[in-house]
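Here is the structure we will look at, set down as structure tokens.
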Amino acid sequence: MARTKNHIELQFLSEPSDVNYGGKVHGGMMMKWIDQAAFACALQWSESYCVTVYVGGIRFFHPVHIGHLVKMEARIIYTGKTSMHIAVDAYSKPVGKADFVKNTHCIIVFVAVDDNGQPKPIPAFKPKTEREIAMHGYAIKLMELRKSIDKEMKPYIV
């Protein structure tokens, strides 16, 4: 079963309850929005409930201010048998301005699960555009890096 929609975009205004005393959105709120956008993308691709299994490489470039329009872009960049690697970029801009500024980037991995919570096969993502091919390669490089990170972390996780 082929999918044609491998991305999703969400837009909304940051609200007073999203920000800290300095008028900037909390990093935790950004992570919540990133997870929600990635979940919606994973759900759209897999047509199944999904669980987050990894969040990595989150980078905060610029703050999001109260009242700014926020845009979350999430896209499938790699699929395994049951997993989806999703790149999420967050952008914001003052209302009335034309150009968005990139605020945050990260990769999230989701696994599709069945009604019993067991991993469930998903359709394969086949990159077509130059950008999709580059992002697919990026996901593969990150998977290799995670193996060495997992090895380093193992003594401290148990």
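Please read all numbers here as calculations on a predicted model, not as lab measurements.
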Item to check | Test applied, side chain to side chain contact (heavy atoms under 4.5 Å, CB included); reference residue, Val64; option that passes from Val19, Leu69, Val25 | outcome: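 For Val64, the side chain to side chain contact (heavy atoms under 4.5 Å, CB included) check succeeds only for Val25.
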Checklist entry - Please walk me through it: do Met30 and Ile58 pass side-chain contact (heavy atoms from CB on, under 4.5 Å)? => result CA-CA 10 Å; Met30 291 296 294; Ile58 190 164; 6.0 Å; no
About how many Å separate [atom2] of [Y] and [atom1] of [X], when rounded to the nearest 0.5 Å?
X: Tyr54; Y: Ile107; atom1: OH; atom2: CD1; answer: 9.5 Å
X: Gln11; Y: Glu73; atom1: CD; atom2: CD; answer: 8.5 Å
X: Tyr91; Y: Thr104; atom1: OH; atom2: OG1; answer: 10.5 Å
X: Phe110; Y: Asp35; atom1: CZ; atom2: CG; answer: 4.5 Å
X: Ile34; Y: Asp89; atom1: CD1; atom2: CG; answer: 9.0 Å
X: Trp45; Y: Met84; atom1: CH2; atom2: CE; answer: 10.0 Å

Item to check | Lys126, NZ: over 12 other non-hydrogen atoms inside 6.0 angstrom | outcome: no
Checklist entry - Take atom NZ in Lys93; do more than 12 heavy atoms of anything else shown fall under 6.0 Å from it? => result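 Atom NZ in Lys93 is crowded, with more than 12 foreign heavy atoms closer than 6.0 Å.
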Item to check | His85 and Phe125: CA distance, side-chain angles, deciding distance, side-chain contact (heavy atoms from CB on, under 4.5 Å) verdict | outcome: CA-CA 10 Å; His85 292 66; Phe125 170 68; over 6 Å; no
Checklist entry - Is it true that a side-chain atom of Asn103 and a backbone atom of Phe61 form a donor plus acceptor pair closer than 3.5 Å? => result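 Not at all, since once roles are kept as given, no pair shorter than 3.5 Å links the two residues.
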Checklist entry - Is the backbone N or O of His68 less than 3.5 Å from a side-chain atom of Ser14, with the two atoms forming a donor-acceptor pair by type? => result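 Answer holds: yes.
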Item to check | Student check: side-chain heavy atoms of Leu142 and Tyr78 closer than 4.5 Å | outcome: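 No, too far: nothing below the 4.5 Å cut-off.
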Checklist entry - Does any non-hydrogen side-chain atom of Cys41 lie less than 4.5 Å from one of Ile76? => result yes
Checklist entry - Salt bridge or not for Glu144 and Lys141, using N-O below 4.0 Å? => result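 Salt bridge absent between Glu144 and Lys141.
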Checklist outcome for this item: Sequence neighbours excluded, the answer for salt bridge (Lys or Arg N to Asp or Glu O under 4.0 Å) partners of Lys154 is none
